[in-house]
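Counting starts at 1 for both ligands and their atoms, in listed order. What you see below is based on every heavy atom in this structure, not just the backbone, and it leaves out hydrogens, waters and symmetry mates. The structure displayed is predicted, hence computed values, not measured ones.
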Amino acid sequence: MEFQKTPGWLDWYPNPSKPRFQVPAGSVDAHCHVFGPGAEFPFAAERKYTPCDASAGQLFALRDQLGFARNVIVQATCHGADNRAMLDALVRSNGLARGVATVKRSVSDAELEAMHSAGVRGVRFNFVKRLVDCTPKAELMEIAARVKALGWHVVIYFEALDLPELWDFFTALPTPVVVDHMGRPDLAKPVNGPEFELFMRFMRAHEHVWCKVSCPERLSVTGPKALNGERDAYRDVVPFARRVVETFPDRVLWGTDWPHPNLKDHMPDDGLLVDFIPHIASTAELQRKLLIDNPMRLYWPPEQ
Ligand code: 0GY
């Protein structure tokens, strides 16, 4: 099937620069996606955007080029609850990728078990209104209870303004809860202000909540322009991400977000994104926790 990309869609960066920061051996890119290819894995009828193709092979080439060892592939909304492209990527990874699926209440136990065998370890609940039509909370809670039995967690994607309304639902979830992109803070507001403090309080009060300190390219107001002639893009995001990493070093994850859906102004050079890491995790110990220990604990725990 032929798909026309959403007008103005930006394709992923073709030749990322070599990062100056060398990630430690065994690092995990804990947030990335595959798109199609549409001819093989059609995009969902209910999607809000039609992306470019971004295949498993292209993702694994990026992994190798940036020096990462493993991926966590998160089901993107353009595939709805049809997880075939993500599951195919898990199989192709030879055990070097885990997955986060999107499922409906109608999913069978056998389907969940097959996903587990393929490497899925979580489901994603998305509350970003431009990306999805919302699913009733009772339905999501029912799904959470079922995946808890498999030892999975729930990944949540929401915007900072919606946290007060969603707080009680999130804290009632029976599994570990992983927040995408720091709950999308508004970078025009101060890191010490009430909005980001509410997010910090959310994490402080609930030890089952983890955070991806990802997507500076999505959050930044100052953008990719390097200041001082250095590879220091997205510097305005540093105080936010650094605060989360230093306050909750055992509950943070990092990911590229390749192939970067829905960016309007620029497409990031993934090499520059890797060079962002030492600004937010400034010691070897913090880097090891962020890139290896934490994602391995969540996605590749020792067999029980
Ligand atoms: C991200 C962010 C976005 C999109 C999706 O599944 C998706 O479509 O997650 C976004 O548009 O902010 O994590 O990739």
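- A salt bridge does not link E111 with K104: every distance from a Lys NZ or Arg NE/NH1/NH2 to an Asp or Glu carboxylate oxygen is 4.0 Å or more.
- Note: F68 and W254 meet the aromatic proximity criterion, with ring centroids under 6.0 Å apart.
- Listed as neighbours of ligand 1 are H31, H33, Y49, A76, T77, R124, R130, L131, Y157, H181, R184, R218, D257, P261, N262, each bearing a heavy atom under 4.0 Å from the ligand.
- Between D88 and R92, at least one side-chain nitrogen of the basic residue sits less than 4.0 Å from a carboxylate oxygen of the acidic one, meeting the salt-bridge criterion.
- Residue pairs meeting the salt bridge (Lys or Arg N to Asp or Glu O under 4.0 Å) criterion with at least one partner in residues 248-261, sequence neighbours excluded, are R218-D257, D250-K289.
- In this structure, F125 has its ring center at least 6.0 angstrom away from the ring center of H153.
- Remark: side-chain polar atoms of H79 are not paired, donor with acceptor, to backbone N or O of F43 under 3.5 angstrom.
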